[in-house]
Amino acid sequence: MIFNWIKGNITKPAPSDTKSTGEGTSPAGLTNQPEGLVENAVALATGLEMVDAFYPGHDPIDYYGDGGFRFGPMSHQGAVMFLPSGIRRWDVTGLNDIALNSFDKIVAEKEDIEILLIGTGQQMSFLNRSVTDALRKQGIKIEVMDTSAAVGTLNILLSEGRAVAAALLPVD
């Protein structure tokens, strides 16, 4: 997850509210907060908001391993999705977590995807047949392989300017 400052979204309390709590520090002064504000005392106290991890670039993967990936100026621990809109966290932790709804973001961008690469981790494993069949019925071409092969293929296709998407499980 990435933290964003909520700068400018805290409304000053009315003068009568500041007598006992100090200007702008009381919960009464925390109005007009954005949707999804983390209900965490540290986040509230520091003016931070948790947001979905997202990188709008299409940079190749420079490194993978140790449970994560490095691309462009960023790195990410855990699974990632490379989409036409950019790179984002993939909310799965392993092969058994992958279900059809795990690909909702890919299905939403399917018109801009020529091929979907699925990296299954350390070794190539088959996905549930109902998942791959449903994706193919949506018109998505799929190639399932181990993450190492998927990263190499992704980087080559990106260098060719192809409309490639990838869903990649990390390797140790």
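Just so you know, these numbers come straight off a predicted model, no measurement behind them. Every heavy atom of this structure was used, including side-chain atoms; hydrogens, water molecules and symmetry mates were not.
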How far apart are the closest heavy atoms of [X] and [Y], and which atoms are they?
X: Gly119; Y: Ala150; answer: CA-CB, 3.8 Å
X: Leu117; Y: Leu154; answer: CD1-N, 3.5 Å
X: Lys105; Y: Arg88; answer: CD-CD, 3.1 Å
X: Ser148; Y: Asp146; answer: N-OD1, 3.0 Å

Within-4.5 Å side-chain heavy-atom neighbours: Leu135 and Leu100: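 Result yes, sub-4.5 Å side-chain heavy-atom pair found.
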
Verify same cluster id: [X], [Y] (apolar side-chain graph, 4.5 Å):
X: Leu168; Y: Tyr55; value: yes
X: Leu157; Y: Val80; value: yes
X: Val171; Y: Phe71; value: yes
X: Val151; Y: Leu83; value: no

Can you check whether [Y]'s main-chain N or O pairs, donor with acceptor, with [X]'s side chain at less than 3.5 Å?
X: His58; Y: Ile87; result: no
X: Gln138; Y: Lys110; result: no
X: Thr147; Y: Leu169; result: yes
X: Ser75; Y: Arg70; result: no

Can you measure from [atom1] ([X]) to [atom2] ([Y]) and round to the nearest 0.5 angstrom?
X: Ile118; Y: Leu95; atom1: CD1; atom2: CG; result: 10.0 Å
X: Met81; Y: His76; atom1: CE; atom2: NE2; result: 11.5 Å
X: Asp66; Y: Gln77; atom1: CG; atom2: CD; result: 7.5 Å
X: Met145; Y: Thr120; atom1: CE; atom2: OG1; result: 9.5 Å
X: Leu116; Y: Ile106; atom1: CG; atom2: CD1; result: 4.5 Å
X: Thr132; Y: Ile140; atom1: OG1; atom2: CD1; result: 11.5 Å

Thr153 vs Ile115, test: side chain to side chain contact (heavy atoms under 4.5 Å, CB included). Steps then yes/no. CA-CA 11 Å; Thr153 304; Ile115 188 167; over 6 Å; no

Any chance CG of Asn101 has more than 12 other-residue heavy atoms, nucleotides or ligands included, within less than 6.0 Å?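 Yes - once you tally the heavy atoms of other residues, nucleotides and ligands closer than 6.0 Å, there are more than 12.
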
Check the surroundings of atom CD in Gln123: do more than 12 heavy atoms from other residues, nucleotides or ligands lie under 6.0 Å from it?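 Incorrect, the count does not exceed 12.
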
Could you go through the side chain to side chain contact (heavy atoms under 4.5 Å, CB included) check for Phe126 and Val144 one step at a time? CA-CA 7 Å; Phe126 292 103; Val144 180; 5.7 Å; no

Apply the side-chain contact (heavy atoms from CB on, under 4.5 Å) test between Asn155 and each candidate in Asp59, Val164, Ile61; give the one that qualifies.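 Exactly one option meets the side-chain contact (heavy atoms from CB on, under 4.5 Å) with Asn155, and it is Ile61.
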
Step by step, would you call Ser85 with Glu109 a side-chain hydrogen bond (donor to acceptor under 3.5 Å, both in side chains)? CA-CA 8 Å; Ser85 62; Glu109 297 187 36; 2.7 Å; yes

When Trp90 is tested against each of Phe82, Phe69, Phe103 for ring pair (Phe, Tyr, Trp, His ring centres under 6.0 Å), which residue passes?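 Looking at Phe82, Phe69, Phe103, the match for Trp90 under the ring pair (Phe, Tyr, Trp, His ring centres under 6.0 Å) is Phe103.
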
